[in-house]
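Everything below concerns the one structure shown next.
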Amino acid sequence: MAGIDVGGHGGKRNLNHEIPLIPFIDFLLCLVAFLLVTAVWSQMARINADAKVPGPPRPDEPDEIKPEKELHVEMRGDKKFQLVWKEGATVVNTIDVDRKAVNMGTEGDITFPALAEKVTSEWKNNGNHKAPTDKKFDRAVLHTDNSTPFSDVIAVIDAVYAPQRDFTLGAKAQKLPAFNLTFAVN
Amino acid sequence: MSGQKALSRFHQPIQVPGRRLIHHVPLPFVVKKAVGGGQRSVNQEIPLIPFIDFLLCIVLFLLASFSASGELPIDKNVRLPKAENVIDMTEAPMVAITGNQIIVDGTAAGSTRTIEDANRMQRVDELFGILKNKRELWKQVNPGKEFPGVAVLQVDRRVTALVVKSVFQTAAMAGYPSISFMVGRLGKGN
């Protein structure tokens with residue numbers, strides 16, 4: 001087994017020592033068992049949504065603020081989604097996308113890849129906030145029926161978050177969804 | 001005579017113990033092998049050092065992935081949907097919405113039936129009160145710091161959008177404008 005040999009036998013006491021490996025292995029095995037028992041093998045994550053709404057105008061603000069373009073996602077129909085770019089109340093552009101759900105896994109999860117593709121191309125063409133140092137994000141508003149199940153809502157939010165952009169905050173650079181999504185009240 | 005011959009079978013001298021098998025084979029190399037006159041020792045050292053290296057690697061990996069905050073508390077009645085474009089979890093108040101109940105960190109905070117019966121978006125008063133109290137408590141514990149305003153919703157996949165929007169709006173009114181939905185991680189290749 002492992003030992004320390006310092007050589008020389010002139011002294012009275014033997015200076016060679018055996019390292020006690022067996023207790024060390026026992027200790028390591030206990031550590032492994034403890035860490036395995038307390039390990040968290042979670043696959044949970046989150047999808048962000050934003051409920052920040054513009055407040056009343058402050059006195060120091062300029063009277064006229066040019067409204068930014070917003071992407072409104074209508075998921076009320078059974079056969080198609082409608083993507084509507086709006087500047088304030090003005091409709092700039094309307095695009096229809098087929099509502100083709102793709103099943104994922106065996107638990108009934110769905111995705112809308114056609115919608116994700118269209119939202120990505122729309123953001124590339126019309127997005128306002130693309131620079132990594134830009135702290136603002138483009139805004140998306142989701143319009144949905146009251147009776148829509150949450151799994152469908154999440155599938156649409158997932159598609160809206162498909163376009164990703166670089167975001168630099170200080171020295172930290174990361175990829176984040178290009179849109180900030182909120183729900184339409186009605 | 002025949003009786004004496006039979007007894008002689010049992011009359012054997014005491015001999016030195018040792019190996020007997022294959023001794024009478026007239027091949028010297030077979031006898032040498034059988035007697036054990038080989039040069040190699042039969043004793044073997046177990047290689048402990050690589051074993052310890054292996055254990056250390058496992059310990060380091062497990063320590064790197066160790067989470068002191070423990071497992072995320074997920075209500076057993078909630079079946080979460082899955083999504084691809086997700087971000088990592090954060091520590092925040094958990095609002096679980098099951099088929100008929102709203103729960104904040106294990107405490108009941110309203111019923112989904114009330115919202116569905118009304119068939120319109122509305123503020124959930126119990127939830128509003130609990131979230132507001134949590135916010136006040138956070139501000140007292142962390143004076144001078146900006147309140148992050150993050151809440152995490154665990155919503156069952158069958159819950160209707162009306163309930164989700166009502167809870168979303170209630171949380172926003174209680175001072176939690178940044179809402180996250182807890183989901184399972186769906187691999188890009190799935």
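We name chains A, B, ... by the order of the sequence lines, and we start the count at 1 in each one.
Nearest heavy-atom pair across R185(B) and M44(A) is NH2-O, 3.8 Å. Counting all heavy atoms, side chain and backbone alike, D109(A) lies closest to R157(B) at OD1-NH2, 3.2 Å.
Annotation for K69(A): atom NZ counts as buried by contact number, over 12 foreign heavy atoms lying within 6.0 Å. The local environment of CG in D78(A) is sparse, with at most 12 non-hydrogen atoms from other residues, nucleotides or ligands closer than 6.0 Å. More than 12 heavy atoms of other residues, nucleotides or ligands shown are found within 6.0 angstrom of CD on E87(A).
Proximity to chain A (any heavy atom under 4.5 Å) is shown, for V59(B), by both the backbone and the side chain.
Interface summary for chain B: among I110(A), N146(A), I25(A), the most heavy-atom pairs under 4.5 angstrom belong to N146(A).
Using a distance-only test at 3.5 Å, with no hydrogens or angles considered, a donor-acceptor pair links the side chain of K165(B) to the main chain of T144(A).
In this structure, F147(B) is not a member of the same hydrophobic cluster as M173(B), with clusters built from ILVMFWY side-chain heavy atoms closer than 4.5 Å. Under the 4.5 Å side-chain heavy-atom criterion for ILVMFWY residues, a single connected hydrophobic cluster contains both L29(A) and I46(B). Criterion: ILVMFWY side-chain heavy atoms under 4.5 Å apart, direct or through other members. Under it, F27(A) and L60(B) are not part of a common hydrophobic cluster.
At a threshold of 4.5 Å between non-hydrogen side-chain atoms, the residues N48(A) and S178(B) count as touching. Between F168(B) and T182(A), some side-chain heavy-atom pair lies under the 4.5 Å cut-off.
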Handout entry: Residues L31(A), I58(B); criterion side-chain contact (heavy atoms from CB on, under 4.5 Å); working and verdict
Key = CA-CA 10 Å; L31(A) 206 55; I58(B) 292 178; over 6 Å; no
Practice task
Apply side-chain contact (heavy atoms from CB on, under 4.5 Å) to the pair D88(B) and R46(A), showing each step before the final yes or no.
Solution key: CA-CA 6 Å; D88(B) 290 332; R46(A) 66 190 170 110; over 6 Å; no
Exercise for the section: For side-chain contact (heavy atoms from CB on, under 4.5 Å), just list the numbers for L162(B) and S147(A), CA-CA rounded to whole Å, side-chain angles, deciding distance to a tenth of an Å, and then say yes or no. Expected result: CA-CA 7 Å; L162(B) 174 66; S147(A) 57; over 6 Å; no
Would you mind writing out the side-chain donor-acceptor pairs for residues 150-160 of chain A within the sub-3.5 Å range, not counting sequence neighbours?
| unit_1 | atom_1 | unit_2 | atom_2 | d |
| --- | --- | --- | --- | --- |
| D158(A) | OD1 | E84(B) | N | 3.2 |
| D158(A) | OD1 | N85(B) | N | 2.8 |
| D158(A) | OD1 | N85(B) | ND2 | 3.1 |
| D158(A) | OD2 | E84(B) | N | 2.8 |

